[in-house]
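The shown structure was predicted, so the numbers you read here are calculated from the model rather than taken from an experiment. Reckoned from all heavy atoms, side chains included, excluding hydrogens, waters and symmetry mates.
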Protein chains: 2
Amino acid sequence: MEAIEHDKRKCPTHLSTGECTKQLLPVKDALDILSGKWKLQIILSLTFGKKRFKQIQREIPGLTPKMLSKELKELEVNELASRHVYDTAPVTVEYELTAYGRTLRPLIDELHKWGSRHRKRIIAKSGRG
Amino acid sequence: MEAIEHDKRKCPTHLSTGECTKQLLPVKDALDILSGKWKLQIILSLTFGKKRFKQIQREIPGLTPKMLSKELKELEVNELASRHVYDTAPVTVEYELTAYGRTLRPLIDELHKWGSRHRKRIIAKSGRG
DNA sequence: GGTACCACTTTCCTAAAGGATATCGGTATA
DNA sequence: TATACCGATATCCTTTAGGAAAGTGGTACC
């Protein structure tokens, strides 16, 4: 149950930076995957099934083709989404979450869970003044 | 077990943006809390107990006082860390994770878990060429 | 008086993220 | 021939994140 083993996280008190950095790297990796203004929205959009470029763009207000293209490429590089080109006229391109992309689900759920509690807390505070 | 209820996430296919945004907001909130180059390292550092300003700075190589100050303020505003000033000379200031800050643990663990698998996957790929 | 320490703040700068707009090559349709 | 659609690129610009370096106010020590 201990994803990060406490007895290995000694860096702050013992200055063994290498060990600490090693523990931190995977967390940063995960964060990188989800950072970027549109990535989550795109992932979410793709959880409902295959989508075409323009279709995704239409569904996410404010998303420009440049950003969509960039973010989709990053998802592709990380093998979270796949790109399928069909030789139609005009060309059809479909994007889809990979099985690997769907493994993000528990992480996103955890983010959602914590975020929701946080939001409630903030609202409760501001309600009380 | 379903933190995000699927039947409520209809925005991409039905264009009901409001509902979708509502589901997305908490996830973004959580991500905001953890984004920033130093935040995780600072949180990690504080999981080992109270720390003074300079102490944290010394423990995290490359961290400037400006950034530390900024990040600590954000942690404070979000009530993840608390600041205690002692009237000594020179003044002593201690920072500590709040109980609320410690509730981030499962989320960070999940990030660590997914990130570790991701890292292994990347290394495996590059190993096979 | 000079220096040093703490906990910052201020100023200036660079780099990266992101946005607006225009354009491209190809095909279809009027 | 003109227009529109698809799936992007390219160019330019603004905004934000982050870093380097110096300074501040207070106290203590020599």
For the side chain of [X] and the backbone of [Y], is there at least one donor-acceptor N/O pair under 3.5 Å apart?
X      : Y      : answer
A/R83  : A/E76  : no
A/Q55  : A/R52  : yes
B/S116 : B/H112 : yes
A/T98  : A/L80  : yes
B/R119 : A/D29  : no
A/K51  : A/E94  : no

Would a 4.5 Å heavy-atom cut-off, applied to side chains only, mark B/I33 and B/E74 as touching?
no
Determine whether B/F53 and B/P65 make a side-chain contact, defined as any pair of heavy atoms from C-beta on separated by less than 4.5 Å.
yes
Checking side-chain hydrogen bond (donor to acceptor under 3.5 Å, both in side chains) between A/E71 and each of A/K39, A/K37, A/Q41, A/K66, which is the one that passes?
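Going through A/K39, A/K37, A/Q41, A/K66 one by one, the side-chain hydrogen bond (donor to acceptor under 3.5 Å, both in side chains) with A/E71 is satisfied by A/K39 alone.
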For residues [X] and [Y], report the shortest heavy-atom separation together with the two atoms involved.
X     : Y     : value
B/L63 : B/L68 : CD1-N, 3.6 Å
A/L46 : A/L97 : CB-CG, 3.7 Å
A/P90 : A/T88 : O-OG1, 2.9 Å

For chain A and DNA chain D, what are the first and last nucleotides along the strand, 5' to 3', with at least one atom under 4.0 angstrom from a heavy atom of the protein chain?
D/dC6 to D/dT11
Please step through salt bridge (charged side-chain N to carboxylate O under 4.0 Å, His left out) for the pair B/D109 and B/K113, ending with a clear verdict.
CA-CA 6 Å; B/D109 282 353; B/K113 227 161 69 185; over 6 Å; no
Ring pair (Phe, Tyr, Trp, His ring centres under 6.0 Å) between A/Y95 and A/H84: does it pass, once the steps are laid out?
CA-CA 6 Å; A/Y95 292 90; A/H84 310 281; 8.4 Å; no
Using the C1' atoms of five pairs at each end, what's the angle between the two axes of the helix from C/dG1-D/dC30 to C/dA30-D/dT1, to 10 degrees?
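Roughly 30° between the end axes, to the nearest 10°.
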Just the atom pairs and distances: protein N or O near nucleotides 26-28 of chain C's N or O, under 3.5 Å.
none

So if I take residues 29-39 of chain A and measure heavy-atom distances to DNA chain C, which residues fall below 4.0 Å?
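Those residues whose heavy atoms fall under 4.0 Å from DNA chain C, taken from residues 29-39 of chain A in numerical order, are A/G36, A/K37, A/W38.
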What residues from residues 66-74 of chain A pass a heavy-atom cutoff of under 4.0 Å to DNA chain D?
A/K66, A/S69, A/K73
Using a cut-off of strictly less than 4.0 Å between a heavy atom of the residue and any atom of DNA chain D, enumerate the qualifying residues of residues 76-87 of chain B by number.
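None, since no heavy atom is under 4.0 Å.
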For the [atom1] atom of [X] and the [atom2] atom of [Y], what is their distance to the nearest 0.5 Å?
X     : Y      : atom1 : atom2 : answer
A/L40 : B/K28  : CG    : NZ    : 7.5 Å
B/I43 : B/R105 : CD1   : CZ    : 12.0 Å
B/L34 : A/L111 : CG    : CG    : 7.5 Å

Using whole Å, what does the distance between atom P of nucleotide C/dC8 and atom CG of B/L63 come to?
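Between P of C/dC8 and CG of B/L63: 13 Å.
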